[in-house]
Structure formats: structure tokens, C-alpha cells
S.K.: 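Here you go, one structure.
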Amino acid sequence: MDISIGHVLDLGLQSYTDEDILSWAKANRALIVTFDDDFGDQRLFPALEHYGIIRLRFDPTTAEITKQVLSRVLTEFSVNDLVGKLVIAELNRTRARM
């Protein structure tokens, strides 16, 4: 699977609801990477109904720390392994839920 990166602002999705962002991601076979707590709620966003969600959960949320955590997650999981999973990525721990 190819990886492309886009921020909601760059994609014109900044005013979209979480559900609309998920629909866009499903239609575009996109993985969601977010700090938004709502995307970590599997009642709202059930596993296997998306191409993967990485919920970033740490503070401070600097670009450097975010890059380090994402690099670790993408070392632990291939992009294909993330499909349908919710991954909670903390500073020193990663948990995957299906």
C-alpha cells in the first residue's frame, strides 16, 4: 500500500465532522493519524470499518515528539497491518486494538 500524507487543512476537510473525515478516509483508503480523543472510541469508530486509526496520546505534542512516536509505530506495524485497527500511541508504549 502506498503512503501519502495530508493534513485536514491541506485536504479541505477542516470543517468536516469526525464522521465525515472517517467517510473521506474510507473512500480514499487512508489511515487516520490524530490527537482527537473521539477517534479512540470504538463505539463511534468500530474496528474493521476503516483503514486504520493511530490515536496519538502524549504531551507535549511537539513536531519532534510526534515524528518519533509515529516512526516507532510504523516500525512496529506495517501499513497493511494497521488496516481495521485502532492503535493508541503513547510516548513509551503502543497498544493495538481490533
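Note that the numbering runs from 1 along the sequence shown for the chain.
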S.K.: Are the side chains of I32 and H50 in touch, meaning some heavy atoms are under 4.5 Å apart?
M.R.: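 Side chain of I32 against side chain of H50, heavy atoms only: no contact under 4.5 Å found.
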S.K.: Is there a side-chain contact between L56 and T61 in this structure, where contact means two heavy atoms from C-beta onward sitting under 4.5 Å apart?
M.R.: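 In short, these two side chains do not touch, never coming nearer than 4.5 Å.
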S.K.: Is any side-chain heavy atom of L13 closer than 4.5 Å to one of D20?
M.R.: no
S.K.: Does atom CZ of F35 have more than 12 heavy-atom neighbours, drawn from other residues, nucleotides or ligands, at distances under 6.0 Å?
M.R.: yes
S.K.: Minimum heavy-atom separation for G40 and L86, please, with both atom names.
M.R.: O-CD2, 3.4 Å
S.K.: Does anything in residues 57-73 pair up under salt bridge (Lys or Arg N to Asp or Glu O under 4.0 Å), and if so which pairs, sequence neighbours excluded?
M.R.: R72-E76
S.K.: Is the shortest heavy-atom distance from the side chain of E19 to the side chain of L22 under 4.5 Å?
M.R.: no
S.K.: Side-chain contact test, heavy atoms from C-beta onward, threshold under 4.5 Å: evaluate it for L82 versus L74 and give yes or no.
M.R.: yes
S.K.: Are any non-hydrogen side-chain atoms of N28 and Y51 less than 4.5 angstrom apart?
M.R.: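 Counting from C-beta outward, N28 and Y51 never come under 4.5 Å.
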S.K.: Would you call F39 and D18 a side-chain contact if the rule is heavy atoms closer than 4.5 Å?
M.R.: yes
S.K.: Any salt bridge (Lys or Arg N to Asp or Glu O under 4.0 Å) pairs touching residues 86-98, not counting sequence neighbours?
M.R.: E90-R93, E90-R95
S.K.: Could you check whether any side-chain heavy atom of W24 comes within less than 4.5 Å of a side-chain heavy atom of L11, counting everything from C-beta outward?
M.R.: yes
S.K.: Check each of T94, L70, V69, T34 against I54 using the side chain to side chain contact (heavy atoms under 4.5 Å, CB included) test, and report the only one that passes.
M.R.: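 Among T94, L70, V69, T34, the one that satisfies the side chain to side chain contact (heavy atoms under 4.5 Å, CB included) with I54 is L70.
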